[in-house]
Amino acid sequence: MNIQQKVEILADAAKYDASCASSGAKRSGNGKGVGHSDGMGICHSYTPDGRCVSLLKILLTNFCTYDCVFCVNRISSDIQRARFTPDEVVKLTLDFYKRNYIEGLFLSSGIIQSPDYTMEQLLHVAKTLRTMHHFGGYIHLKAIPGASERLIEQAGLFADRLSANIELPTQQDLVQLAPEKKTTIIESTMNNIALRKEEADEDRRKLPSAPKFAAAGQSTQMVVGATPTTDREILKTATHLYGQYKLRRIYYTGFSPYPAADARLPLKPAPLIREHRLYQSDWLMRFYGFTAAELTSEEDPSLSLTEDPKTTWAKSHPEFFPVDVNAAPRESLLRVPGIGYRNVERILSIRKYHRLLLDDLKKLHVRVKNVLPYLITIDHIPRQQPVVNQAQPITQLDLFAPLSAFSGSL
Ligand code: SF4
């Protein structure tokens, strides 16, 4: 099998790993414009300084000794197999890099022989690129759960990002669909990465020339919709992983069925919108101060497919609104549907000098129609006045708002 054939098979096999920012999008040129994109081969990721870089995204091999039911590369799958040698991956990366196709490498693999053996092969690629070819591009390596601490430690010295996949939201899910995998082993690898990174960051604070360890941190991927596990449980797991191992990102991948799949798997794909709602909720937990428990309830553990989670929360908490844009603390403004965290920062700095009107929100590109039920500005108070949030007693607002603004609403 020549290199081109291997690239076709192993770049295609890698498209199921969502642990970098974009992949899987396929777009054909229309014959009039320039370029097209394939659903495999190149993906994008963000460096620690915020640059978006294109990566060669491949598997070292799609042979795998494990039998994860949801995975097309599992041992019992009847697919065409291929395997690169580490030196072939090194050469491919350098060739693509020199032609300016890519700025880095995303390398994963099926489990060959054992976690240690597989990790050694991945490590060999990263180490060769860095030490023999002085490759300065971005490297994202898969950290194989169960590989020895020594190998993970070395991998972090050569890779910008490491990711150990949690695969499924709960241990029960793994028992059901990925019998060789254990949450404890996966989390122990994540813990190892987190500790090594903490130590390296501490060393660099004392001595800036000390070696970096996985400068872009660690991420993970979770397949959703392959089991009946609820969004509430998924978000609970996400909270645990972010809190315990300081993950930079969790990537949620909706399960999609494939031909002749195991009977334990659902026949229908997870709705794309569910994946989207999980990302929105994840974002709300990381940047808006929401907790997993607030975004769903015991009675209704699924995220709404028709409405974003911030709006759902706002509708079920009328006692929290309206929020006074000129007086409310940051954490209250962050809960207003239609106002993003960047605009919250802008509002906080503008209101030091100027009391905001609806027009000011328009200038910040806020969709005013959407925020009207939730906000008080100098010239607006929602018509249906729910219980006012404790953080902004109405007597204070009275003192500053022009009389015309109240137009009988209070
Ligand atoms: S270990 Fe990874 S590649 Fe192998 S079957 Fe499981 S998910 Fe697929």
Listed partners of [X] passing salt bridge (charged side-chain N to carboxylate O under 4.0 Å, His left out), at least two apart:
{"X": "K6", "answer": "E88"}
{"X": "R99", "answer": "none"}
{"X": "D95", "answer": "K91"}
{"X": "R346", "answer": "none"}

Quick check: does any side chain N or O of [X] sit under 3.5 Å from a backbone N or O of [Y], one acting as donor and the other as acceptor?
{"X": "N326", "Y": "R355", "value": "no"}
{"X": "R130", "Y": "H134", "value": "no"}
{"X": "S316", "Y": "T312", "value": "yes"}
{"X": "R277", "Y": "L305", "value": "yes"}
{"X": "S332", "Y": "V323", "value": "no"}
{"X": "R248", "Y": "S219", "value": "no"}

Could you name each residue pair satisfying salt bridge (charged side-chain N to carboxylate O under 4.0 Å, His left out) that touches [range], not counting sequence neighbours?
{"range": "residues 284-300", "value": "R232-E298, D282-R286, E294-R335"}
{"range": "residues 301-311", "value": "E307-K315"}
{"range": "residues 211-225", "value": "none"}

Within a strict 4.5 Å, meaning less than it, do heavy atoms of the [X] and [Y] side chains meet?
{"X": "I378", "Y": "L356", "value": "no"}
{"X": "L168", "Y": "M222", "value": "no"}
{"X": "R274", "Y": "I234", "value": "yes"}
{"X": "K57", "Y": "S108", "value": "no"}
{"X": "L375", "Y": "P322", "value": "no"}
{"X": "Y138", "Y": "E103", "value": "no"}
{"X": "I250", "Y": "L241", "value": "yes"}
{"X": "P382", "Y": "I376", "value": "yes"}

If you measure from [atom1] on [X] to [atom2] on [Y], what distance do you get to the nearest 0.5 Å?
{"X": "L157", "Y": "R196", "atom1": "CG", "atom2": "CZ", "result": "10.5 Å"}
{"X": "T65", "Y": "I111", "atom1": "OG1", "atom2": "CD1", "result": "6.5 Å"}
{"X": "L278", "Y": "M285", "atom1": "CG", "atom2": "CE", "result": "8.5 Å"}
{"X": "L333", "Y": "L348", "atom1": "CG", "atom2": "CG", "result": "6.0 Å"}
{"X": "H124", "Y": "L60", "atom1": "NE2", "atom2": "CG", "result": "10.0 Å"}
{"X": "L303", "Y": "S281", "atom1": "CG", "atom2": "OG", "result": "4.0 Å"}

(request) Locate the shortest heavy-atom distance separating V223 from P169; write the atom from each residue and the value. (result) O-CD, 3.6 Å

(message) For Q221 and T253: C-alpha separation, side-chain torsions, deciding distance, then whether side-chain hydrogen bond (donor to acceptor under 3.5 Å, both in side chains) applies.
(response) CA-CA 7 Å; Q221 176 183 230; T253 309; 2.7 Å; yes

Which residues pass the ring-ring contact (aromatic ring centres under 6.0 Å, His included) test with [X], not counting sequence neighbours?
{"X": "F290", "result": "W313"}
{"X": "H276", "result": "none"}
{"X": "Y341", "result": "F287, Y288"}

(message) If the test is ring pair (Phe, Tyr, Trp, His ring centres under 6.0 Å), which one of F158, Y97, F96 qualifies with F135?
(response) Y97

I'd like a table of donor-acceptor pairs (distance under 3.5 Å, sequence neighbours excluded) in which one partner is a side-chain atom from residues 359-374, with atom names and distances.
unit_1, atom_1, unit_2, atom_2, d
D360, OD1, H354, NE2, 3.4
D360, OD2, H354, NE2, 2.9
D360, OD2, L357, N, 2.7

(request) Run the ring-centre check on F70 versus F255 and record whether the distance is less than 6.0 Å. (result) no

(message) Checking side chain to side chain contact (heavy atoms under 4.5 Å, CB included) between F84 and each of T61, L107, V125, L92, which is the one that passes?
(response) L92

(request) Decide yes or no on side-chain hydrogen bond (donor to acceptor under 3.5 Å, both in side chains) for Y245 and E187, but give the supporting numbers first. (result) CA-CA 8 Å; Y245 309 115; E187 290 197 28; 2.6 Å; yes

(message) Would K197 and L162 count as a side chain to side chain contact (heavy atoms under 4.5 Å, CB included) here? Give the steps.
(response) CA-CA 11 Å; K197 178 155 177 57; L162 293 173; over 6 Å; no

(request) Identify whether the distance between the nearest side-chain nitrogen and carboxylate oxygen of D201 and R205 falls below 4.0 Å. (result) no

(request) Look at E345 together with R342 and state whether they make a salt bridge at an N to O cut-off of under 4.0 Å. (result) no

(request) Begin with the C-alpha distance, continue with both residues' side-chain angles, and end with the deciding distance and a verdict on side-chain hydrogen bond (donor to acceptor under 3.5 Å, both in side chains) for T230 and E233. (result) CA-CA 5 Å; T230 62; E233 285 174 274; 3.3 Å; yes

(message) Does atom CG (L267) have a neighbourhood of more than 12 heavy atoms from anything else shown, all under 6.0 Å?
(response) no

All N/O donor-acceptor pairs, side-chain side in residues 173-181, below 3.5 Å, sequence neighbours left out:
unit_1, atom_1, unit_2, atom_2, d
D173, OD1, T170, OG1, 3.4
D173, OD1, T227, OG1, 3.1
D173, OD1, T229, OG1, 2.9
D173, OD2, T170, N, 3.3
D173, OD2, T170, OG1, 3.0
D173, OD2, T227, OG1, 3.3
D173, OD2, T229, OG1, 2.7
E180, OE1, D67, N, 3.1
E180, OE2, D67, N, 3.4
K181, NZ, E167, OE2, 2.8

(request) State whether a side-chain donor-acceptor pair under 3.5 Å links D116 with S114. (result) no

(request) Show your reasoning for whether side chain to side chain contact (heavy atoms under 4.5 Å, CB included) applies to F63 and N73. (result) CA-CA 7 Å; F63 284 102; N73 300 323; over 6 Å; no

(request) Please test H140 against S163 for side-chain hydrogen bond (donor to acceptor under 3.5 Å, both in side chains), starting from the C-alpha separation and ending with a verdict. (result) CA-CA 8 Å; H140 179 154; S163 57; 2.7 Å; yes

